[in-house]
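A short worksheet on the structure shown next.
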Amino acid sequence: MHRSMLVAVSLVLTAAPCALQAADLAAEVNPFIGTTNAGNVYPGPSVPFGMVAFSPEMTPLPGKRFAIAAPGGYEWRGNGVRGFSLTHVSGTGCTGASGDIPIMPVTTKVELSPSSAEAGLRYASVLDHKRESASPGAYRLTLDNGVVVDLGATARTAVGQFQFPADKPANLLFRTSDSEVGSTDSSIVIDPGTRTVRGTVTAGNFCGYLAEDRRESYYTLHFVAEFDQPFEVGGTWRDETVQAGAREGGGGTTYGTQGHPPVGKGAGGWIQFDPKRSPKVTARIGISYVDEAGARANLRRESPVGTTVEATQAATRAEWNKTLGQVRVAGGTPDERTVFYTALYHTLLAPNLFSDGDGRYRGMDGKVHALSKGQRAQYANYSGWDVYRSQLQLVTLLQPQVGSDIAQSLLNQADQNGGVWDRWTHLTGATGVMNGDPSPPSVAAIHAFGGRNFDLKRAYASLKQAATVPTERDLSRRGCPVLCVGQRPGLDQWMALKYMPVGAPGWGTASDTLEMAAADFGLAELASAAGDKQGAALFRERSGWWRNLYNPKATPQAGYIQPRNADGSWPAFDPASDEEFVEGSGAQYLWMVPFDPAGLIATLGGRDAAIQRLDAFFRKEDGAWAVTKSGPLHAELDNEPSVAAPWLYNFVGQPWKTQETVRQAMRQIWTNAPEGMPGNDDLGQMSSWYVWSALGLYPLYPGRADLVIGSPLFREAVIQRPGATLTITANGAAMDAPYVQSLRVDGKPSEASWLPASVVQKGGTLEFELGRAKNTQWGTATLPPSYGPN
């Protein structure tokens with residue numbers, strides 16, 4: 001069905017590009033791309049940046065150590081479902097997050113506690129992909145127990161329809177305690193008189209299995225579910241004990257002794273329907289992270305009495321069509337358009353709405369706050385180490401107000417978190433996950449791409465303070481290496497030595513140095529925007545400190561950026577090792593100086609030396625491509641440390657190699673299949689890389705809106721943002737025709753392989769001529785700018 005829809009759209013696009021404005025772009029999206037345990041995305045419905053993501057929680061694969069299928073709750077290779085949760089985080093790592101309040105229709109009597117070890121998979125059901133479908137805003141599954149499940153979502157509400165077989169019991173379980181990685185408490189109140197089930201779950205524990213002090217709860221979700229059909233009280237359970245007929249209950253799973261919920265712990269309740277009188281049941285569910293009143297108000301506002309799942313799905317599909325329609329492409333194959341629009345879809349799922357419809361939200365200090373002046377929404381779930389590279393740029397390009405609200409949200413969180421801008425926030429939890437300080441380049445990127453409706457001066461002042469005054473947390477090793485509590489672990493040593501030495505607090509001191517340099521570059525850009533010339537000069541100078549880890553004598557062949565001791569000596573080093581690096585090898589991190597490629601090239605010995613090393617990075621000795629899964633001495637474009645490297649060919653005057661390398665990665669790694677996404681999507685970061693690459697552009701510089709040029713995949717793309725339109729045409733565009741023959745910018749010939757920030761601000765027209773033969777002349781005369789120390 002999905003493929004036939006794509007073919008129909010293909011004919012429209014090929015025949016009449018102008019029809020794109022009215023196209024049903026949601027039909028191009030395949031939410032199952034990335035649903036293996038590589039991408040970790042989920043297929044259930046959510047609006048753009050929605051608070052609710054109503055999606056299955058599957059049973060784990062056989063032999064899996066933990067009691068979840070995957071961090072997104074869904075694993076394509078699995079075959080069982082144990083509930084449909086109201087919240088999810090898209091493409092995250094560790095072992096999951098959120099997945100709150102799994103709701104499961106069952107057609108057996110509830111006699112054993114669903115949390116008991118004896119119950120096993122008694123209350124789960126087989127999931128058959130042949131009886132499953134998903135599209136933006138809608139999900140449908142016919143379970144093996146005969147129940148037909150239809151799901152829809154608004155920003156803050158879930159709408160589920162459950163059609164039970166008439167000849168079996170019709171029970172609906174609320175596994176209130178069973179968030180993906182557990183909980184410390186939950187509650188449930190069943191009220192058949194008002195056809196309502198309400199309750200809470202208190203949870204957190206993101207990556208808690210990695211450190212004992214992170215096995216903690218930091219948010220409470222409140223839910224109110226209203227039904228359109230009468231029901232009877234089934235009962236409640238806690239741990240191994242069932243209380244038939246009980247209307248109230250509660251309890252948590254705990255986080256066990258290893259950071260995951262143990263077998264036999266948990267709580268919830270169930271209700272019973274008469275399948276002969278009410279075979280089809282609709283539940284409307286409001287949620288809030290503030291209180292029950294907020295959940296009720298959100299429900300009334302977004303899903304009033306009488307709301308159907310069909311109407312909800314249609315409205316959400318329309319919202320996705322409007323949002324996806326900001327980037328309209330023509331040409332390409334059906335699969336290429338599906339991969340593109342699915343990547344755009346995944347890019348725009350996060351961060352997630354956190355404030356209620358009345359503007360209230362609960363802060364990281366546990367208090368209830370109102371939105372700041374000019375702010376339209378508070379957002380949560382910020383995977384800074386990932387999204388500062390290209391996702392926030394794409395979000396802000398398309399929706400500057402959302403970008404502004406994200407920046408203000410990060411500032412609000414820092415204000416409520418003792419001034420600390422955490423690297424990876426999950427709801428109201430400061431998790432400390434990953435390394436470096438991604439907030440400065442994140443906020444700078446938002447500002448550069450047009451997100452200007454936030455408190456710039458106060459954000460800059462807070463980030464400057466954090467970058468220049470070491471705190472007790474910065475000096476602490478608590479949580480290190482993966483979950484360091486400080487915003488800038490080892491800041492005192494960074495400022496004293498001008499690099500991060502082996503043994504400093506952090507996670508991988510060589511990669512910490514590179515991340516700190518990128519952070520200071522972003523902070524320099526913010527300083528300029530805020531009018532602090534001295535600060536801009538200071539942080540630009542600090543952004544060049546990566547040079548202090550370059551050892552020209554690392555190997556007989558060439559030097560590397562490598563770990564260094566505090567006394568200036570160099571420990572033994574293997575460029576294939578990840579020792580003192582994060583999720584990558586020394587060879588892969590060599591290229592992570594995206595703001596000053598010219599400085600890196602000069603350090604490596606100049607243009608010819610850099611070309612030789614780039615070629616060896618992306619090719620095997622026999623000349624075959626090495627863009628992924630080719631060993632630690634080669635690129636790994638399924639993870640963030642390598643994603644900027646292909647664009648560096650532009651800086652050595654060989655842009656055709658950027659064009660072919662990026663295209664090879666797109667062809668090899670991204671496909672229209674469940675496994676067709678490289679690595680964790682990380683809240684849309686990897687998907688945003690694909691979108692930018694398919695458009696033929698990339699926001700290489702952390703905190704600036706200059707763009708480097710690759711080559712477009714589609715013969716036409718129209719990008720619309722408030723007040724500006726960027727039109728890209730590419731005569732001859734095809735997957736196997738990546739080479740730029742010529743380019744006209746606003747009607748004038750251009751030999752530059754980059755675009756100034758004015759194109760992002762004002763829009764314009766780019767007219768490419770592409771071909772299958774590499775053009776070794778275009779783009780060689782005018783190299784992109786590089787921003788080294790002044």
Side-chain angles (χ1 to χ4, degrees), residues 50-54 83-87 98-103 153-160 172-179 183-204 217-228 231 233-238 246-253 266-271 282-307 312 352-371 377-378 380 427-429:
M51 179 184 292
V52 166
F54 203 6
F84 301 89
S85 294
L86 305 177
T87 61
S98 296
D100 301 304
I101 319 296
I103 299 169
T154 71
R156 303 174 182 87
T157 75
V159 181
L172 200 61
L173 306 183
F174 286 78
R175 300 178 180 268
T176 53
S177 69
D178 292 3
S179 301
S183 64
T184 49
D185 199 11
S186 73
S187 67
I188 188 168
V189 177
I190 302 170
D191 185 355
T194 59
R195 299 181 182 175
T196 299
V197 178
R198 65 185 191 275
T200 64
V201 63
T202 299
S217 293
Y218 42 74
Y219 72 90
T220 295
L221 179 143
H222 303 259
F223 75 93
V224 175
E226 295 182 356
F227 291 85
D228 68 341
F231 62 77
V233 175
T236 65
W237 73 86
R238 180 166 186 166
R247 298 190 176 206
E248 297 186 21
T253 64
W270 78 99
I271 56 179
T282 298
R284 300 161 24 259
I285 310 165
I287 69 170
S288 168
Y289 293 97
V290 178
D291 52 28
E292 181 184 314
R296 288 186 181 276
N298 290 337
L299 184 60
R300 288 194 301 270
R301 183 180 292 107
E302 297 183 14
S303 295
V305 174
T307 298
T312 302
N352 300 101
L353 182 66
F354 193 62
S355 51
D356 285 346
D358 61 4
R360 296 184 308 151
Y361 69 95
R362 195 169 294 277
M364 299 189 90
D365 55 2
K367 300 177 182 178
V368 177
H369 296 265
L371 297 176
Q378 178 76 11
L427 302 174
T428 49

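Residue indices begin at 1 and follow the sequence shown.
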Validation row: M364, H369 side chains within 4.5 angstrom (heavy atoms)
no

How far does CE of M51 sit from CG of L221, to the nearest 0.5 angstrom?
8.5 Å

Taking R284 for the side chain and P304 for the main chain, is one N or O donor matched with an acceptor at less than 3.5 Å?
yes

Distance col, row I101:CD1 vs F174:CZ, nearest 0.5 angstrom, shows 9.0 Å

Please answer whether the main-chain N or O of T194 pairs with a side-chain N or O of T196 as donor and acceptor at a distance below 3.5 Å.
yes

Side chain to side chain donor-acceptor pair (under 3.5 Å) with S288: of T220, D358, D356, N298, only one passes, and it is D356

Any sub-3.5 Å donor-acceptor pair from R362's side-chain atoms to V290's backbone N or O?
yes

Can any side-chain N or O of T157 pair as donor or acceptor with the backbone N or O of S303 at less than 3.5 Å?
no

Please tell me if the side chains of V189 and V197 come closer than 4.5 Å, counting only heavy atoms from C-beta onward.
no

Rounded at 0.5 Å granularity, tell me how far CD1 in I271 sits from CG in L172.
5.0 Å

Report yes if the side chains of L173 and I103 come closer than 4.5 Å at any heavy-atom pair, otherwise no.
no

Are T202 and T184 linked by a side-chain donor-acceptor pair shorter than 3.5 Å?
no

salt_bridge(D228, R195) N-O dist < 4.0 Å
no

Look only at the side chain of S187 and the backbone of T200, and say whether a donor-acceptor pair between them is shorter than 3.5 Å.
yes

So, does S85 use its side chain to make a donor-acceptor pair with the main chain of G99 at under 3.5 Å?
yes

Looking at N352, L353, I287, which hits side chain to side chain contact (heavy atoms under 4.5 Å, CB included) with V52?
I287

Give a yes or no on whether the backbone of R156 and the side-chain of E302 come within a donor-acceptor separation of less than 3.5 Å.
yes

Value rounded to 0.5 Å, distance of CZ in F223 from CD1 in I285:
8.0 Å

d(E226 CD, L299 CG) to nearest 0.5 Å is 5.0 Å

Y289-F354 aromatic ring centre distance below 6.0 Å:
yes

Treating S177 as the side-chain partner and G252 as the backbone partner, does any N or O pair qualify as donor plus acceptor under 3.5 Å?
no

Separation between CG of D100 and OG1 of T87, rounded to the nearest 0.5 Å:
3.5 Å

